[in-house]
Amino acid sequence: MSSSQPGVDPGPDPTADHRYLLDNARAEAGERFTWLAELFDGVTRGHVDRLGARPGWRCWEIGAGGPSIPEALATAVGPTGHVLATDINPAWLDPHGGYEVRRHDVVADPPPQPGTFDLVHARLVLVHVPDRARALATMAAALRPGGWLLVEDADTELQPLACLDEVGPAQRRANRLRRAVRELMTRRGADLRFGRTLPRALRAAGLVDVAAAGCFPVGGVACDRLEAATVRMVRADLLAAGLADDAEIDAHLAAVDAGELDLTLAPLISAWGRRPPS
């Protein structure tokens with residue numbers, strides 16, 4: 001990643017390849033959405049509840065990916081509310097799921113119905129977006145006065161390991177491959193330190209009452225299955241970049257499938273703030 005002054009957003013790197021590494025068009029994307037939902041939907045729903053989501057609210061789910069959070073929001077706001085779920089590729093969303101589905105690029109497209117949403121939410125979206133400040137401005141512009149923005153993103157550099165307990169060769173291999181995936185993400189323009197900047201970024205977007213919390217899971221089937229789907233998804237990219245070989249990847253996937261590793265993820269930082277009422 002390019003260097004910059006502390007506290008200064010350097011903006012998008014013009015030399016980076018901004019093709020999304022974890023493309024929704026890939027078959028493994030559906031698996032990733034399933035296991036991300038298993039790992040983090042409870043966290044997200046808890047924050048949404050604390051922010052006061054209730055019947056009649058208007059909610060915008062950005063970069064929705066799978067259907068689980070739009071469905072949860074639709075349940076929370078009821079028939080008198082409205083949920084808009086958008087993605088640059090909305091193929092995994094259900095057009096009959098009780099929420100509106102729309103293709104939308106949060107950087108390139110203007111906010112839908114600006115100034116009208118009670119809640120705008122994005123999870124694991126901005127870390128991959130080249131112009132994060134512009135995306136946040138679009139999100140903030142969509143809020144009604146007093147409306148809440150909830151953004152959740154990973155901070156891989158806070159905890160970069162796949163296996164915290166590096167006790168043997170399988171764990172060391174898992175951590176080598178995690179470093180390789182991090183390198184791929186960096187080359188595609190991801191900011192692996194973005195999670196920690198969210199409170200400051202929300203304040204810079206003009207929001208008030210900003211706060212944040214973090215969590216990360218350690219071990220279990222969901223971590224294993226998410227790891228396997230992710231590695232299969234980026235396998236060709238790892239090989240093409242010379243960051244891993246077939247034997248190493250096969251051995252790692254076999255260890256994951258055998259349940260030999262206590263895998264973990266980067267911390268998920270959840271930050272929220274509201275548009276000033278006046």
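In this text the structure is predicted, and so the values were computed from the model without any measurement.
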Is the backbone N or O of V107 less than 3.5 Å from a side-chain atom of R134, with the two atoms forming a donor-acceptor pair by type?
yes

Shortest non-hydrogen contact from L239 toward A244:
CD2-O, 3.4 Å

Would you kindly say whether R123 and T44 are connected by a side-chain donor-acceptor distance under 3.5 Å?
yes

Would you call R225 and E227 a salt bridge, using N to O less than 4.0 angstrom?
no

Lys/Arg N to Asp/Glu carboxylate O, D246 vs R235, below 4.0 Å
yes

Does a side-chain heavy-atom distance below 4.5 Å link T264 with C163?
no

Parallel, tilted or perpendicular: which one describes the rings of W60 and H104, with boundaries at 30° and 60°?
perpendicular

Between the side chains of E166 and N175, does any donor sit under 3.5 Å from an acceptor?
yes

Residue pair R188 / D237, side-chain heavy-atom distance below 4.5 Å
yes

Given side chain to side chain donor-acceptor pair (under 3.5 Å), test R103 with T86 step by step and report yes or no.
CA-CA 5 Å; R103 188 198 175 284; T86 63; over 6 Å; no

Give me the atom names and distance for the closest heavy-atom approach of L93 to P70.
CD2-CG, 4.2 Å

From the list L158, L164, L39, side-chain contact (heavy atoms from CB on, under 4.5 Å) partner of F216 resolves to L164

Which distance, rounded to the nearest 0.5 Å, do you find between the CG of D118 and the NE2 of H82?
11.5 Å

Looking at R274 and D209, is there a salt bridge between them, counting it only when a charged N and a carboxylate O are closer than 4.0 Å?
yes

When rounded to the nearest 0.5 angstrom, what is the spacing between OG1 in T34 and CG in L226?
10.5 Å

For the residue pair D262 and D165, establish whether any side-chain heavy-atom pair is separated by less than 4.5 Å.
no

Do L177 and R179 pass the side chain to side chain contact (heavy atoms under 4.5 Å, CB included) test, and can you show the C-alpha distance, the side-chain angles, and the key distance before you say yes or no?
CA-CA 5 Å; L177 284 172; R179 287 193 294 272; over 6 Å; no

Basic-acidic side-chain contact under 4.0 Å: E248, R176:
yes

Heavy-atom closest pair, residues V77 and C59
CG1-SG, 3.7 Å

Does D155 use its side chain to pair, donor to acceptor, with the backbone of P267 at less than 3.5 Å?
no

A side-chain contact here means heavy atoms from C-beta on lying under 4.5 Å apart; do L136 and L149 qualify?
yes

Check whether any side-chain heavy atom of H47 lies under 4.5 Å from a side-chain heavy atom of V43, and answer yes or no.
yes

Using a 3.5 Å distance criterion without hydrogens, assess whether the side chain of D153 forms a donor-acceptor pair with backbone atoms of V127.
yes

Do the side-chain N and O atoms of R144 and T116 include a donor-acceptor pair separated by under 3.5 angstrom?
no

Nearest heavy atoms of I269 and L198, plus distance in Å
O-CD1, 3.6 Å

Verify same cluster id: F194, I62 (apolar side-chain graph, 4.5 Å):
yes

For Q159 and L161, indicate whether the former's side chain and the latter's backbone hold a donor-acceptor pair under 3.5 Å.
yes

Determine, step by step, whether R102 and D87 satisfy the salt bridge (charged side-chain N to carboxylate O under 4.0 Å, His left out) criterion, reporting the C-alpha distance in whole Å, the side-chain angles of both residues, the deciding distance to 0.1 Å, and the verdict.
CA-CA 7 Å; R102 188 183 302 182; D87 204 296; over 6 Å; no

Check: S270 side chain, E152 main-chain N or O, donor-acceptor pair, under 3.5 Å:
no

Please name the pair of heavy atoms, one in A141 and one in R275, separated by the smallest distance, quoted to 0.1 Å.
O-NH1, 4.1 Å

For residues L238 and V181, report the shortest heavy-atom separation together with the two atoms involved.
CD2-N, 4.1 Å

Once rounded to the nearest 0.5 Å, what's the spacing between atom CG of L73 and atom CG of L119?
6.5 Å

Under a 3.5 Å distance rule, please check whether E71 uses its side chain to pair with a backbone N or O of S68 as donor and acceptor.
no

So that I can tick it off, tell me whether R187 and E183 are bridged by a salt bridge, with the cut-off set at under 4.0 angstrom between side-chain N and carboxylate O.
yes

Evaluate the side-chain proximity of M233 to R32: yes if any heavy-atom separation is below 4.5 Å, no if none is.
yes

Residues V256, V231; criterion side chain to side chain contact (heavy atoms under 4.5 Å, CB included); working and verdict:
CA-CA 11 Å; V256 172; V231 170; over 6 Å; no

Please lay out, stage by stage, how Y99 and D94 fare under the test side chain to side chain contact (heavy atoms under 4.5 Å, CB included).
CA-CA 8 Å; Y99 51 88; D94 181 0; 3.6 Å; yes

Do W35 and F40 have side chains that get closer than 4.5 Å, going by heavy atoms?
no

Would H121 and M139 count as a side chain to side chain contact (heavy atoms under 4.5 Å, CB included) if you check the C-alpha gap in whole Å, the side-chain angles of each, and the deciding distance to 0.1 Å?
CA-CA 8 Å; H121 173 249; M139 295 178 187; over 6 Å; no

What distance do I69 atom CD1 and R45 atom CZ have between them, rounded to the nearest 0.5 Å?
6.5 Å

